Each structure stands twice: as C-alpha cells, then as structure tokens.
**Student:** 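Submitted below is the structure of interest, expressed as structure tokens.
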Amino acid sequence: MRNLATVLLLLAAAGCAHDRSYEEAKEMLSEGKPLEGLAKLEQAVRDHPRNTTYRAALLRERERVASAFVLQGDASLKTGNLDLAAAQFQEAKRIDPEGYRANAGLQEVERARRHAERLKDAEALLEKKDYAAAESVVRAVLTENPYHSKARELLRKVVETTVAAEPPPSLRTPYKKPITLEFRDAQIRTVFEMLSKTSGINFVFDRDVKPDAKLTIYVRNTTLDDVLKLILTTNQLDRKVLNDNSVLIYPNTPAKQKDYRDLVVRSFYLANADVKQASAMVKAMMKTQDVFIDEKLNLMVVKDTPEVVRLADQLVRTLDLAEPEVMLEVEIMEVARTRLQEIGVRYPGSVNLQAQTVTGTATSTTPIDAPMIFTIANPALVFNLRASVGTTNILANPRIRVKNKEKARIHIGDKVPVFTSTATANVGVSTSVSYLDVGLKLDVESQVYLQDEVAIKIGLEVSNIIETITVATGTGSTVAYRLGTRNANTVLQLKDGETQILAGLISDEDRRSAQRIPGLGDIPMLSRIFGSSLDNRAKTEVVLMITPRIVRNILRPEGVQAELPVGTDNNPGMPPLRIGKTAPGALALAAPRTTGGGPVQDTVRDVPAAAATPLVLGVTAPERAQGEFAVELSIPPVVPTRAARVDLTFDPKQLQAVDPVAALPGKASVNFTGEASSRSIRFKVLPGATGAAAITVTDVEVVDRDGFAIDVTAPPPVSVKLGN
C-alpha cells in the first residue's frame with residue numbers, strides 16, 4: 001500500500017508538472033516570447049509524447065513562428081539588408097527544418113549577394129568605358145531576376161551612356177570658322193566649290209539638285225554653319241552630315257526626306273498619363289503618324305527623326321506627371337442640449353352622458369327607460385411630475401485621401417427604411433422598401449495649386465427625424481417621416497495644414513404647451529393645481545473643422561525647357577534658322593546686279609583671326625562695400641574697337657545704379673565709345689541692405705574698327721559683401 005501510494009503521488013506530481021509546462025508555454029506565447037514558448041512546448045511533448053493536444057499546439061505554433069521569421073526575412077531582403085535577412089531565414093529553418101520557405105529564402109539571399117557582386121563589376125566596367133562588357137553583365141543578372149531594380153537602372157544608364165558616347169557624325173572645327181561671302185547671280189555649285197576649297201569640307205550633291213540654280217548672298221563675319229543654313233533654306237535644299245568633313249546636299253522634298261533622313265524608334269512607358277492623350281498630343285504637335293499604343297501596358301511607341309523623338313520625349317515628360325493628392329482631416333461635432341419639464345394635474349378632457357346598459361349572460365341591452373349616467377376616462381386624474389435634462393456630443397474625426405479635382409463623400413448616420421405598399425390587380429398587395437439617409441453628409445471636392453494651397457468645395461447637410469407620420473391607405477398604412485435639415489455650401493482656399501472652422505449651424509427650439517381647466521387654470525397661483533404645463537427646449541449646433549494636408553503636389557519635370565523650338569510646319573523638329581551675332585549691316589540678301597554688262601566678281605574671304613578669337617570681359621569689384629562703390633569693366637585690347645555695350649543685372653532691393661543711371665530697376669547698361677577699353681559703373685548700397693550682392697553681366701556687344709562683331713565671353717557673376 002505504501003508503494004502504491006508513492007507511485008500515485010509521483011504520477012500526480014508529474015501530471016501537474018506537465019500541465020504547468022503547457023500553461024507556461026501558452027503564457028510566454030501570449031506575452032510575445034515565441035522562442036521560449038516553443039521550448040516549453042517541446043519539453044511538454046518530450047515528457048508526454050502521446051498527448052495529442054501538446055503535439056498539435058507545438059506544430060501549430062512552430063509553423064506560425066517560422067512564418068513570422070520568413071516574413072521578416074522577406075522584408076529585410078527587399079530593403080537590401082542581406083545579413084539580417086540571412087539570419088532571420090536561418091532562425092526560421094532552425095525552428096522548422098522541413099519548411100521550404102526558409103530554404104528558398106536562403107537561396108534568394110545567396111542569389112542577391114551574387115547579383116550585387118556582378119553589378120559592382122558592371123559599374124567598374126562602366127567607369128572604364130567598357131560598355132559592351134558592362135551591358136553583358138547586367139543583362140545576365142536581369143535574365144535571372146527581371147525585376148531587379150538596381151540592374152534595370154544600371155542597364156538604362158549603360159544604354160544612355162552608350163548612345164552619348166557614339167554621337168551622330170558632326171563636322172569638325174573649321175565648320176565654325178567665320179567667313180565673308182559676296183556672290184552675285186552665281187551658280188550654286190560654284191558657291192559650294194569655293195566653300196569646299198576654303199574650308200576643306202567635301203560637298204556631295206544628289207542628282208536631283210538643279211545645277212543651274214542661281215544664288216546671290218552677302219554675308220560678313222558669319223560662320224560657315226550659318227551660311228550653309230541660309231543657302232540651303234532659301235534654295236529648298238537640305239543636308240546630311242556623312243562624317244567630320246563630308247556633307248550630302250539633296251532637295252528638300254518629301255520623297256528625298258524619306259530617302260535620306262534617319263529614323264529612330266522610341267518606346268515610352270507612361271506611369272501616370274493616359275496613353276491615348278499622350279498619343280493625341282504627339283500627333284497634334286509633332287505631325288507624326290507612326291505612333292503605336294498599348295493600353296494594357298500604357299505604352300506608346302514613336303517612329304520618327306531623332307529631332308522629333310527628342311521633342312516627343314520633352315512633351316511626354318510634361319504630361320506624365322503624378323496627379324496631386326490631398327489628405328483631408330475632418331472633425332465634426334454636434335452639441336445638443338435638451339430640457340424637458342412637465343408639472344401639474346392633468347384632468348379629463350371630456351365627460352360623457354349616456355344611458356346605463358344592462359349586461360346579460362350573452363348580450364348587453366339598453367332599455368328605453370334606463371337611467372342616464374356620467375362617465376369619464378380612466379384614470380380620471382394624472383399627476384405630472386417630470387423633468388429631464390440631456391447633453392449630447394457627437395464627434396466624428398474621419399480622414400479621407402482624395403485625388404485632385406475628384407469628389408469625396410462622408411456619411412455619418414443611419415439609413416432609415418421606408419415601406420410602401422401597392423395594390424396590384426390579380427396579385428394582391430406588394431410591399432417595397434427604400435432607404436432614406438439621415439445624419440451628417442459631407443461632400444468635398446479639392447483642387448491643389450502649385451503654391452501649396454488647396455481649394456475645397458464643401459457641401460454639408462445635417463438631417464434628423466422630427467416626426468413619424470403614419471398614413472392610412474386602402475391596403476393598410478404607410479409610414480413617412482418629417483425631417484429637419486441644415487445645409488451649408490461654400491468654397492474655401494486654404495494653405496497646406498491650415499484649419500478652417502465652420503460653425504453657426506444652430507437649431508434652437510422652445511416649445512411650451514399647457515392643459516388647464518377653463519377659468520380655474522388661468523389663475524396664476526392655481527395653474528399648477530387646475531392644469532398641467534409642458535416646457536420642451538432643445539438646442540443643437542454643428543461645428544465642422546477641416547484641415548487639408550497635401551500628400552503630393554505637382555512637380556515640374558526636370559530637364560524640360562519652358563519653351564521648346566519645334567521647327568516648322570513642313571519640317572517638325574528641325575532647329576530654328578538663326579545666324580550668329582554680326583556687326584551692323586554685315587548681312588544682306590540682294591537681287592543680282594551687274595557692273596559694265598558683266599557680273600561683279602564673287603569673293604570669299606576669312607575674317608581676321610583676332611576678330612574670330614573670343615574675348616573675356618574683365619570685371620573688378622571690391623570684396624566689401626558700404627555707401628557707394630565702383631565696378632570696373634575692361635575689354636582686353638586685342639584689336640582696336642569702335643564701340644561696345646555691356647548689360648548688367650543686380651538686386652534692386654540691395655543696390656542702385658547711380659552713374660550711369662539704370663533705365664529699369666535692377667538693370668543697367670554701360671556704353672564704350674571710340675577705342676576706350678575700360679569703363680566704370682557706380683552703385684549705391686540701399687539702407688538696410690545686408691548680405692552679399694551679386695552683379696551679373698548678361699550681354700556684351702563689341703564692334704571692331706571695320707564693323708565686325710567680336711565674340712566676347714561674359715565673366716561669372718561677382719559678389720560684393722554689404723555692410724561692415
């Protein structure tokens with residue numbers, strides 16, 4: 001018996017220990033200690049291998065904890081923290097060795113490390129300008145992982161760098177050399193022959209170029225590039241650069257353009273804009289017809305000349321912008337105060353005089369000679385002693401995110417059912433139900449401006465049920481409701497983060513009624529004894545506070561010019577026809593004229609080398625100034641000058657030009673006369689001006705003795721510190 005008792009005690013103690021381990025495991029798991037809880041569950045299963053409850057709990061928690069570590073590893077892998085991701089996947093594998101997700105995660109980490117090493121090699125090859133090898137390495141990475149963001153970005157950089165490293169052929173430096181031409185009624189091929197001998201550039205003519213075309217032109221101190229543009233444009237010709245010293249000349253006709261103009265294909269993957277709108281814009285602006293769109297991918301493919309495709313890229317950038325979004329923080333409060341008081345004695349409103357009825361066993365009869373009796377409602381008297389006071393505060397604080405110029409609706413309240421019965425022939429009575437919105441309804445429409453301001457169109461309606469009306473019909477009764485509404489509509493323009501309060505939607509009701517005995521109830525001191533009065537007061541006010549917070553505003557696209565030259569209607573994308581700055585009267589287009597019956601001799605000559613050499617304007621200013629100070633402007637005396645002019649800009653809030661006086665605030669001009677190579681301009685520091693004042697040369701015009709314009713380079717802005 002002693003041994004049996006000992007065994008029973010040991011078994012009971014073991015059972016209690018096992019139960020305690022399981023309970024401790026559950027507590028640790030609930031406290032957020034998964035590893036300690038799993039250890040306790042494993043201990044309980046080892047001590048009690050046949051307990052299915054413990055085993056099921058262990059398998060369930062093991063799967064849950066391992067999945068949590070796998071999810072953490074995936075998040076670390078996406079952020080690029082490979083070491084942390086590997087540790088988390090290893091922990092998941094230790095917890096659940098047979099789990100395939102942990103093993104797959106470890107393989108993904110190893111592949112990410114291998115890809116990172118390959119991309120480092122690709123970046124090194126790109127720095128060495130080995131573009132082919134860098135592209136091969138990047139494409140190998142994308143073959144294994146097509147969604148690798150860094151590899152895709154590096155491939156884009158490699159392609160763009162490759163294109164930039166292999167620019168289209170252009171003419172060499174002599175093409176920019178200034179020349180002077182004087183041709184009168186000369187054949188165009190003769191002009192090009194002389195240009196070829198002077199510049200060393202080969203001109204190849206298409207067979208359809210007319211050999212007998214005549215040309216008259218007078219240009220002085222103009223580059224060969226500008227002269228060639230003038231000749232080709234005025235004679236309906238075009239060119240194609242073959243190499244650094246060869247140019248093909250051909251007629252500017254649609255047929256020849258198709259034969260000689262190079263075409264490129266560009267794919268535009270739009271992120272925000274509608275591909276149909278982008279296609280319509282490109283077709284309307286650039287007159288191109290070779291446009292393909294894919295609405296599923298939001299893809300647009302354009303085929304045209306490189307100039308047109310570059311302009312299309314600029315236009316698409318201005319259109320493909322993310323729409324602005326704003327977060328509207330709304331706080332709505334409805335404060336209601338009610339007061340009800342009913343005091344007095346309510347007497348019966350009527351007394352009935354009727355014959356007394358005799359009640360039998362089955363029926364009740366009224367004899368002719370029955371006595372008359374008075375009857376009143378039961379109960380006869382009602383003593384009213386009631387008073388109630390109530391305060392209600394309804395608060396709603398919704399936040400809603402809405403796109404630009406889109407509507408958003410907020411409804412806080414109830415949908416009240418309204419039943420309608422309709423009698424139909426051969427069917428009977430059919431009942432339909434409709435729902436009526438009761439409560440607070442807020443409609444907002446926002447528009448985001450570039451100055452971080454938001455215009456909000458608000459429509460607020462507050463409604464409540466005042467009375468329930470039951471209407472009797474032939475088929476039964478219909479319930480209707482009388483609603484009380486308060487509306488407010490307005491348009492606000494708020495800054496980002498500014499809060500606007502809309503208040504004053506007040507409903508104040510004061511209702512008083514009394515039931516009294518005529519005469520006696522009108523006595524002031526006895527009105528409570530011979531009557532009952534009801535005072536009902538209710539006051540509600542609705543307060544709306546709205547705060548816009550701009551999530552994303554319109555961002556102007558980078559690298560897009562405000563004004564884009566798009567060529568002409570016949571030749572979209574072609575650069576504008578311009579010539580470089582020349583001296584006054586240096587360019588003339590004239591009709592053919594002759595002297596002594598024969599044409600005047602045609603000449604072509606180079607501009608003096610000194611005139612073709614760019615000069616740098618010298619600007620000398622003090623480092624610090626107060627009161628008045630002078631800025632010296634000087635032209636290096638390379639060649640004698642006839643006249644010059646220098647335009648400067650400065651901050652009119654800091655400085656004022658006093659000698660010479662500025663024609664406009666912030667702008668001044670200094671004129672050089674004769675052979676003067678230096679001039680000065682005096683400035684006055686305005687009161688209260690502090691900091692550094694920048695003086696910038698915006699334009700320089702210099703003319704030599706012979707009337708040739710000399711290229712002058714403007715120096716960088718100079719800075720003068722103001723004050724002591």
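Worth saying up front: this structure is predicted, and the values here are computed from it rather than measured.
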**Student:** Does the side-chain hydrogen bond (donor to acceptor under 3.5 Å, both in side chains) test come out yes or no for Thr499 and Thr547, once each step is laid out?
**Tutor:** CA-CA 4 Å; Thr499 301; Thr547 304; 2.7 Å; yes

**Student:** Considering all heavy atoms of both residues, which atom of Glu445 and which atom of Lys405 are nearest to each other, and what is their separation?
**Tutor:** OE2-O, 3.9 Å

**Student:** Shortest non-hydrogen contact from Asp320 to Ala273?
**Tutor:** OD1-N, 3.0 Å

**Student:** Tell me whether Met285 at atom CE has more than 12 heavy atoms from other residues, nucleotides or ligands lying less than 6.0 Å away.
**Tutor:** no

**Student:** Give the minimum heavy-atom separation between Pro660 and Ser680, together with the two atoms involved.
**Tutor:** CD-O, 4.3 Å

**Student:** Look up atom CD in Glu701 and atom CZ in Arg645, then write down how far apart they are to the nearest 0.5 Å.
**Tutor:** 4.5 Å

**Student:** Show your reasoning for whether salt bridge (charged side-chain N to carboxylate O under 4.0 Å, His left out) applies to Lys495 and Asp452.
**Tutor:** CA-CA 6 Å; Lys495 294 181 180 180; Asp452 287 339; over 6 Å; no

**Student:** Does Glu323 form a side-chain hydrogen bond (donor to acceptor under 3.5 Å, both in side chains) with Asn272? I'd like the steps, not just the answer.
**Tutor:** CA-CA 7 Å; Glu323 292 187 33; Asn272 302 284; over 6 Å; no

**Student:** Go through the steps to decide whether Glu325 and Arg552 satisfy the test salt bridge (charged side-chain N to carboxylate O under 4.0 Å, His left out), and finish with yes or no.
**Tutor:** CA-CA 5 Å; Glu325 287 188 82; Arg552 179 176 55 244; 2.5 Å; yes

**Student:** Pick from Val291, Val308, Val309, Thr305: which one makes a side-chain contact (heavy atoms from CB on, under 4.5 Å) with Met286?
**Tutor:** Val308

**Student:** Any sub-3.5 Å donor-acceptor pair from Asp443's side-chain atoms to Leu460's backbone N or O?
**Tutor:** no

**Student:** Taking only residues two or more places apart in sequence, or in another chain, which ones meet Asp262 in a side-chain hydrogen bond (donor to acceptor under 3.5 Å, both in side chains)?
**Tutor:** Lys240

**Student:** Using atom types as modelled and distance alone, determine if a side-chain donor or acceptor of Arg549 lies under 3.5 Å from a backbone N or O of Asp496.
**Tutor:** no

**Student:** About how many Å separate OG1 of Thr234 and CD1 of Ile217, when rounded to the nearest 0.5 Å?
**Tutor:** 6.5 Å

**Student:** Any side chain to side chain donor-acceptor pair (under 3.5 Å) pairs touching residues 648-667, not counting sequence neighbours?
**Tutor:** none

**Student:** Using 0.5 Å steps for rounding, measure from the CD1 atom of Ile546 to the CD atom of Glu329.
**Tutor:** 10.0 Å

**Student:** I would like to know whether Ser669 and Asp647 meet side-chain hydrogen bond (donor to acceptor under 3.5 Å, both in side chains); could you show each step before the answer?
**Tutor:** CA-CA 4 Å; Ser669 298; Asp647 295 336; 2.8 Å; yes

**Student:** How far apart are the closest heavy atoms of Val316 and Met281, and which atoms are they?
**Tutor:** N-CE, 4.0 Å

**Student:** Identify all side-chain donor-acceptor contacts of residues 621-630 below 3.5 Å with residues at least two apart in sequence or on another chain.
**Tutor:**
unit_1	atom_1	unit_2	atom_2	d
Arg624	NH1	Asn724	O	3.2
Gln626	NE2	Asn724	OD1	3.1

**Student:** Between Asn298 and Val275, is there a donor-acceptor pair closer than 3.5 Å when you use the side chain of the first and the backbone of the second?
**Tutor:** yes

**Student:** Main chain of Leu315, side chain of Thr318: is a donor-acceptor contact present, judged purely on distance under 3.5 Å?
**Tutor:** yes

**Student:** Judged by atom type as modelled, is there a donor-acceptor pair below 3.5 Å linking the side chain of Asp304 to the main-chain atoms of Thr288?
**Tutor:** no

**Student:** Measure across Ile201 and Ser246 and return the closest heavy-atom pair with its distance rounded to 0.1 Å.
**Tutor:** CG2-N, 4.4 Å

**Student:** Flag the pair Asp225 and Arg239 as a salt bridge only when some basic side-chain nitrogen lies within less than 4.0 angstrom of an acidic carboxylate oxygen.
**Tutor:** yes

**Student:** For a quick test of reading the model, state the closest non-hydrogen atom pair linking Asn404 to Gln447 and the distance between them.
**Tutor:** OD1-CA, 3.0 Å

**Student:** Could you check whether atom OH of Tyr260 has more than 12 heavy atoms from other residues, nucleotides or ligands sitting under 6.0 Å from it?
**Tutor:** yes

**Student:** Side-chain contact test, heavy atoms from C-beta onward, threshold under 4.5 Å: evaluate it for Val720 versus Leu655 and give yes or no.
**Tutor:** no

**Student:** Between Asn235 and Leu237, is there a donor-acceptor pair closer than 3.5 Å when you use the side chain of the first and the backbone of the second?
**Tutor:** no

